[in-house]
Amino acid sequence: TLPPFLRAISDTMQEAKPADSAEVIKLKGRIREAFDLFDKERRGTVIQEEVPTIMRYLGAYPSDKDVVAKILPDIQEDEPTAYVTYEKFEKKMLEVLETQEYAPD
C-alpha cells in the first residue's frame, strides 16, 4: 500500500478532470452572454422567472411544468430564493444542452 501522503496525491490526480474542450469553452461563453443579458445589476444572479427565457435563447425549450418541477429545484440554493446564481445555471445548462433534453421539436 501507498504511504498516506502518496495516497492523497494519487486520489487527487484521479479526481482531476481534463480541461474543458474548445466546444465547452465556447458553450460556456454563450451561456454567460445570455445570462448577462438578464443580470442587469451584474451580481451573478437572475430572478428565477427569467430562467425559461434564457434557456429558450440558448435553444432549450422546457415546458413551464418542467421548469418548476425539475429545473428550478436543481439550480436553486438549498434555501430557495427568487434568484438563481450563474454557477448553478451554467452547470444545469451545460447538462441540458449536452443531453438535448429540451431541444425544439
Please name the pair of heavy atoms, one in [X] and one in [Y], separated by the smallest distance, quoted to 0.1 Å.
X: K88; Y: Q76; answer: NZ-O, 3.9 Å
X: Q48; Y: T81; answer: OE1-O, 3.4 Å
X: E90; Y: I31; answer: CA-CG2, 4.1 Å
X: Y102; Y: P62; answer: CD2-CA, 3.4 Å
X: K40; Y: L37; answer: NZ-O, 2.8 Å
X: G59; Y: P104; answer: O-CD, 3.6 Å

**Q.** Y83 atom OH, neighbour heavy-atom count above 12 within 6.0 Å
**A.**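 It does not: Y83 OH has 12 such atoms or fewer within range.
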Q. Is the number of heavy atoms from other residues, nucleotides or ligands within 6.0 Å of CZ (R42) greater than 12?
A.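 Enclosed: over 12 neighbouring heavy atoms sit under 6.0 Å from CZ of R42.
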Q.
Taking the side chain as everything from C-beta on, heavy atoms only, tell me whether Y61 gets closer than 4.5 Å to E101.
A.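 No, their side chains stay 4.5 Å or more apart.
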Q: Just say parallel, tilted or perpendicular for the rings of Y86 and F35, cut-offs at 30° and 60°.
A: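 Correct class here is perpendicular.
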Separation between [atom1] of [X] and [atom2] of [Y], rounded to the nearest 0.5 Å:
X: T53; Y: L58; atom1: OG1; atom2: CG; result: 11.0 Å
X: I25; Y: R30; atom1: CD1; atom2: CZ; result: 15.0 Å
X: K28; Y: L97; atom1: NZ; atom2: CG; result: 12.5 Å
X: M55; Y: E50; atom1: CE; atom2: CD; result: 13.5 Å
X: D74; Y: F89; atom1: CG; atom2: CZ; result: 12.5 Å

Q) Does R43 offer a backbone N or O that forms a donor-acceptor pair with the side chain of D39 under 3.5 Å? A)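 Judged by distance alone, yes, a pair lies under 3.5 Å.
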Q) With a 4.0 Å cut-off, would you call E95 and K92 a salt bridge? A)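 Yes, charged N to carboxylate O under 4.0 Å.
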Q.
One thing to verify: whether R32 and D36 come together as a salt bridge, which I'm taking to mean a side-chain N less than 4.0 angstrom from a carboxylate O.
A.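 Looking at R32 together with D36, the answer is yes, because their closest N to O distance falls below 4.0 Å.
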(Q) If we check side chain to side chain contact (heavy atoms under 4.5 Å, CB included) with V84, which of these qualifies: I75, I71, I54, T45? (A)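 Considering I75, I71, I54, T45, a side chain to side chain contact (heavy atoms under 4.5 Å, CB included) with V84 is found only for I75.
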